[in-house]
Amino acid sequence: MGQTAQVEKLSVRWPDGKTQTLTNVPTNQRLQLDWKNASGYVASLMPVGATQTLLSDKTNTSGVNFVHKEFKYNDFENFPLMPWMESELGPLSAAGDVNGDGLDDFFVGNSFLSPAALYVQTPTENSSPATKAFGKKVYEDHGAVFFDFEGDGDQDLFVVSGGIDAPAQGRSRLWQNRLYLNDGKGNFGLFGRPSPGGGRPVSGLPPNGPDLGHRVVAHDYDNDGDLDMFIGGRIVPDKWPLTPRSTILRNDRGRGFTDVTETVGGDFARCGMVTDLHWADLDKDGQAELVVVGEWMPVSVFKLSSGKLTNVTEQMGLEKSNGLWFSLKTADLDGDGDLDLVTGNFGLNSRFTASPDAPFGCYAKDFDNNGTLDPIVTFFEEGKNYPLVQKDILVKQMPSLKKKFLYASDYANATVEDIWPKKDLDAALQLFAYDLETCWWENQGGKFVRRSLPFQAQISAIHGIIAEDLNGDGHLDLLMAGNKYGLEVGSGRYDAGNGVFLSGDGKGNFSWVNNLQSGFWAMNNARDLARLRGPGGKRIIVIANNNGKAQLFE
């Protein structure tokens, strides 16, 4: 194997991170690599002088030492037919100026038995942010948002509680959403009321109900001057993939919240397994629409009509856009004055495949009538629809199939209709994903047209997206991070993502910037990206990693 050298000096970066400089390499001479004697492999070849990058890694010098610690729980032991874990959804983050100094501070959640944290920036450059322990260790934090609850001019914090791995006892308390009030100086206290028997206060928010939320967004839907909460339902505990309830909490002028989902929620209330949501005026009529993405969902749009949220997805040209969506961003990517969409999907680098004619699917029903929901995930191959799960796992969940498929060879050739009759499949909850590609959607007068992104954005799941001019050319760029470790054993860990920097030309075209040039390395199990205003006009990127340390880039 050889590669033509274009410079007199080359830097060879080895897998352990060490860099070796090769000198006196003649131009146009073919560099021969002796793999038999190599102690490792060449991860990259680049000119020695190309050390200036667009982003600088400040993880080890920022003073932010947050580590997310995932609660030990194996989804597949309890729910063997699940294709991926739903217990590793965090951590998510929220950014806001909590003390009014013009700098963005950030909150990052944690899992059960591990505390969340609030990092407050200091105005002096190169100084570490102040760290504040946050909340109780007993909660698992999902989405959060800074907003002014009371109208007193400071940023309060709403946190969604989650975690399907919550202990059986006390689940309703552990899943209670929380509101923390800001004293104006960045000190927070739980909004609540005394418990009936005395002792510690309990949440003053309406009870959550049985379903778990994931992300939350603030929006004044009733135009009364305060911000209301829209919580995307994520999971029906112990019953994946049933559709959970999404929730709308009306802000009663800073006195509390009222659950108005039944009267306002409309089509949004049971729209799917929501992973991200935003309010944005997509059709330029002066009224914002609610954009929602999620597992097995189309990219969905809901419009307030007669006081209720109505699904206008089809009118927006987004029908059959179902994917395994994780993230969403709204921005004017092509410079035409309207808002386009960027949607992070599962990617194209796994054994999962999907298309309108051959979708990735799931049939959910108590097929063997034993009181347990049986989700059968399927995929198409040569026009036939097969179950994804291995035989021994399926038989463990449904022992009645053991005699039907005595030999692995019989099961290997069995389609999903060979396993259960079509009438049972027709009666089941049917979910489909027609698209697994991370993409952007061009807004053409209120209708959206799907546009592809470079293949580097498809090599793993995308959980976090930032749309901003990061290289100073006046055009919006895209920064993305993801991966998903917790897949079932037949699929293996989905970890090829290194972080993606896509440079935009202002017309909707994007080109990949090599990580060596961008300096952006997000190689862990990333769950969220946040952008902060730093001292001296600096921009700071925070990566929240599952079961790992948070990363910071500047």
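Not measured: the values here are computed from a predicted model.
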Check: For Asp228, what residues pass the side chain to side chain donor-acceptor pair (under 3.5 Å) criterion, not counting sequence neighbours?
Finding: none

Check: Looking at residues at least two apart in the chain, or sitting in another chain, which of them share a salt bridge (charged side-chain N to carboxylate O under 4.0 Å, His left out) with Arg234?
Finding: Glu86, Glu295

Margin query: Between Thr343 and Trp441, is there a side-chain donor-acceptor contact under 3.5 Å, judged purely by atom types and distance?
Written below: yes

Margin query: Checking side-chain polar atoms at under 3.5 Å, does Gln551 have a donor or acceptor matched by the opposite partner on Thr59?
Written below: no

Next item on the list: Sequence neighbours left out, what passes side chain to side chain donor-acceptor pair (under 3.5 Å) with Ser93? Give chain and number order.
Entry: Asp528

Notebook entry, point to check: Is the shortest heavy-atom distance from the side chain of Asp105 to the side chain of Asn99 under 4.5 Å?
Noted result: yes

Margin query: Taking side chain to side chain donor-acceptor pair (under 3.5 Å) as the definition, give me every residue that meets it alongside Asn60, ordered by chain and number, with sequence neighbours left out.
Written below: none

Next item on the list: Could you point out which residue of Tyr434, Phe432, Phe360 forms a ring-ring contact (aromatic ring centres under 6.0 Å, His included) with Trp296?
Entry: Phe360

Next item on the list: Ignoring hydrogens and angles, tell me if any N or O in the side chain of Gln121 forms a donor-acceptor pair with the backbone of Arg533 under 3.5 Å.
Entry: yes

Notebook entry, point to check: Under 3.5 Å, side chain of His142 to main-chain N/O of Gly213, donor-acceptor pair present?
Noted result: yes

Next item on the list: Could I get the full list of side chain to side chain contact (heavy atoms under 4.5 Å, CB included) partners for Leu304, not counting sequence neighbours?
Entry: Tyr221, Val264, Trp279, Gln287, Leu309

Item checked: salt bridge (charged side-chain N to carboxylate O under 4.0 Å, His left out) partners of residues 499-525, not counting sequence neighbours, each pair once -> none

Check: So, the side chain of Thr53 versus the backbone of Ser56: is there a donor-acceptor pair under 3.5 Å, distance only?
Finding: no

Item checked: Charged N-O contact under 4.0 Å between Glu554 and Arg539 -> no

Next item on the list: Please work out whether the ring planes of Phe268 and Phe230 are parallel, tilted or perpendicular, with thresholds of 30° and 60°.
Entry: tilted

Next item on the list: Please list, chain by chain and in numerical order, all residues satisfying salt bridge (charged side-chain N to carboxylate O under 4.0 Å, His left out) with Arg450, sequence neighbours excluded.
Entry: Asp435, Glu437

Item checked: salt bridge (charged side-chain N to carboxylate O under 4.0 Å, His left out) involving Asp283 - partner list, sequence neighbours excluded -> Lys303

Notebook entry, point to check: Can Asp75 and Ser87 be counted as having a side-chain donor-acceptor contact under 3.5 angstrom?
Noted result: yes

Next item on the list: Please list all pairs passing the ring pair (Phe, Tyr, Trp, His ring centres under 6.0 Å) test where one or both residues lie in residues 523-554, with sequence neighbours left out.
Entry: Phe520-Phe553

Note to self: I need the full list of salt bridge (charged side-chain N to carboxylate O under 4.0 Å, His left out) pairs touching residues 318-342, with sequence neighbours left out, sorted by first then second residue.
What the structure shows: none

Checklist line | With sequence neighbours excluded, residues passing side chain to side chain donor-acceptor pair (under 3.5 Å) with Ser491 | finding: Arg351, Glu488

Checklist line | side chain to side chain contact (heavy atoms under 4.5 Å, CB included) partners of Ser327, counting only residues at least two apart | finding: Asp276, Ile462, Ile465

Item checked: Criterion side-chain hydrogen bond (donor to acceptor under 3.5 Å, both in side chains) against Ser460, the qualifying member of Asn483, Asn525, Asp495, Asn498 -> Asn483

